[in-house]
J.: 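Here it is: the structure, laid out below.
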Amino acid sequence: MSGAAPIIDGSTIQGPTVKSPTIKGWCPGALRPMESGDGWVVRVRPRAGRLSQDQARGIAALSAAHSNGLIDLSARANVQLRGVTMASHAPLIDGLRALGLLDESTQAESQRNVTLAPFWARGDGAHDVALDLSAALTSPSAPRLPSKFGFVVDMGVAPILRNIAADIRIERISGGALIYGQGAQTGAMVPLAQAVQTALHLAQWFVDAGGIGADGRGRMAGLLAQGRAAPAAFAQCAVPAALPFAPHIGLHKAGALVGFEFGQMQAETLAKLAGLGPLRITPWRMVLIEGAQTMPTLAHVITDADDQMLRVIACTGAPACIQAHGPTRDLARALAPHIPQGQVCHVSGCAKGCAHPTAAALTLTATPSGFDLVQNGRAGDTPTLAGLAPSYIPQALNAL
Ligand code: SF4
């Protein structure tokens with residue numbers, strides 16, 4: 001992406017040009033679906049991100065029977081069924097309950113936000129910590145946290161989920177666990193057996209310290225940024241630096257990591273994957289087929305780490321999302337061959353940037369008057385170019 005002067009159907013501007021998207025402040029659940037342009041979105045939260053083969057087969061069958069058959073993987077390692085209707089929601093819920101994938105209440109499902117790094121091994125304690133934390137968060141004595149408040153359990157040899165959104169992180173350190181709040185420079189170092197209770201202690205401090213606003217929202221990073229200091233136990237140990245991590249499609253010790261165009265698959269694809277082993281849902285919108293020692297050869301499953309479609313990220317966009325200012329995925333497909341290996345281009349239907357809340361090398365955000373282009377930023381950031389017509393964008397990118 002270098003060379004001649006840019007050919008651009010837009011202009012350099014000083015600030016955002018469109019009104020902010022609606023922020024609901026909550027994520028969909030199974031019991032509390034969210035309305036979208038193609039019906040209700042029902043989010044299923046597999047415990048510790050793992051689906052047994054029966055559960056994965058069951059979700060595929062429920063999706064085919066009670067939704068439009070499209071299944072999204074979310075950035076929190078959840079599974080979303082799209083196109084659910086008021087009439088189909090009840091039988092879908094009955095089916096999810098029979099699969100052991102439902103919580104007791106909307107409160108419980110909204111609290112159970114635990115993302116586990118997917119490369120855990122039996123006996124290393126990570127899966128147990130994630131399960132125990134999930135159970136503790138739904139107990140009556142758990143801190144009442146905002147619905148977007150989340151925990152990351154990242155207990156491999158080195159952390160790999162530092163760029164995944166979270167409020168409280170649990171990592172491995174010196175044979176124990178390091179627990180710290182997002183944005184903190186220090187944390188508490190405890191034996192593994194105390195990891196869950198220490199994380200809950202920090203969460204309770206967040207609540208008691210006024211981390212939740214009058215609107216019911218609040219994030220740990222925001223509270224710490226106000227200068228509030230966590231309890232002394234969390235000043236014990238410096239949070240070590242970690243190298244940036246990018247997931248690699250291919251074989252790993254724990255199984256085969258595979259991808260999907262825009263992190264979305266058909267119910268039929270999920271049913272076929274379920275035949276290969278238990279599935280670990282990852283926050284990279286990929287799936288790890290637990291125990292697989294060869295890469296699968298399935299239609300609509302990305303198994304090549306160099307696949308161009310891994311370089312583009314796009315949200316649902318119009319017409320399936322009612323907030324979108326335009327379609328996103330056809331543009332992303334057209335741009336994929338123009339994106340150099342190692343870079344990511346994010347195409348967003350609006351400034352909310354659901355599909356990639358963090359910065360990308362290139363972000364194109366749909367507005368009522370075309371696409372805004374942000375370099376090294378997020379969907380809502382100030383663009384360097386505005387009002388780009390989709391047909392001009394490949395040329396504009398080549399000229400950057
Ligand atoms: S970012 Fe995309 S999916 Fe999210 S609200 Fe905007 S258009 Fe909809």
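Just so you know, ligand 1 is whichever comes first in the structure, and atom 1 is the first atom listed for that ligand. Model, not experiment: these values are computed from the prediction.
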J.: Quick check on contacts: which atoms of ligand 1 are under 4.0 angstrom from a heavy atom of Ala324?
T.: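 So the atoms of ligand 1 that pass are 7 (S).
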J.: Under a 4.0 angstrom heavy-atom cut-off, which atoms of ligand 1 come close to Ser348?
T.: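 Going through ligand 1 atom by atom, the ones under 4.0 Å from Ser348 are 1 (S).
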J.: Give a yes or no answer on whether the side chain of Asp372 reaches the backbone of Ala386 with a donor-acceptor pair at less than 3.5 Å.
T.: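 Such a contact is absent between Asp372 side chain and Ala386 backbone.
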J.: Of the backbone and side-chain N, O or S atoms of Cys354, does one lie nearer to atom 6 (Fe) of ligand 1 than 2.8 Å?
T.: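 So Cys354 does not count as coordinating atom 6 (Fe) of ligand 1.
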J.: Please say yes or no: joined through hydrophobic side-chain contacts below 4.5 Å, possibly via intermediate residues, are Trp284 and Val344 part of one cluster?
T.: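 Each belongs to a different hydrophobic cluster.
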J.: Distance under 4.0 Å to a non-hydrogen atom of Cys315: what atoms of ligand 1 satisfy this?
T.: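 Reading through ligand 1 atom by atom, the close ones are 1 (S), 2 (Fe), 3 (S), 7 (S).
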J.: Could you list the atoms of ligand 1 found under 4.0 angstrom from a heavy atom of Cys321?
T.: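 Heavy-atom distances to Cys321 below 4.0 Å select 3 (S), 5 (S), 7 (S), 8 (Fe).
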J.: Hey, does the Lys NZ or Arg CZ of Arg50 hover above the aromatic six-ring of Trp120, less than 6.0 Å from the centre and inside 45° of the axis?
T.: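 Verdict for Trp120: no cation-pi partner in Arg50.
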J.: Do Ser110 and Arg32 pair up side chain to side chain, a donor and an acceptor below 3.5 Å, judged on atom types alone?
T.: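 Short answer, no.
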J.: Is the backbone of Ala117 close enough, under 3.5 Å, to the side chain of Asp154 for a donor and an acceptor to pair up by distance?
T.: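 Judged by distance alone, no pair lies under 3.5 Å.
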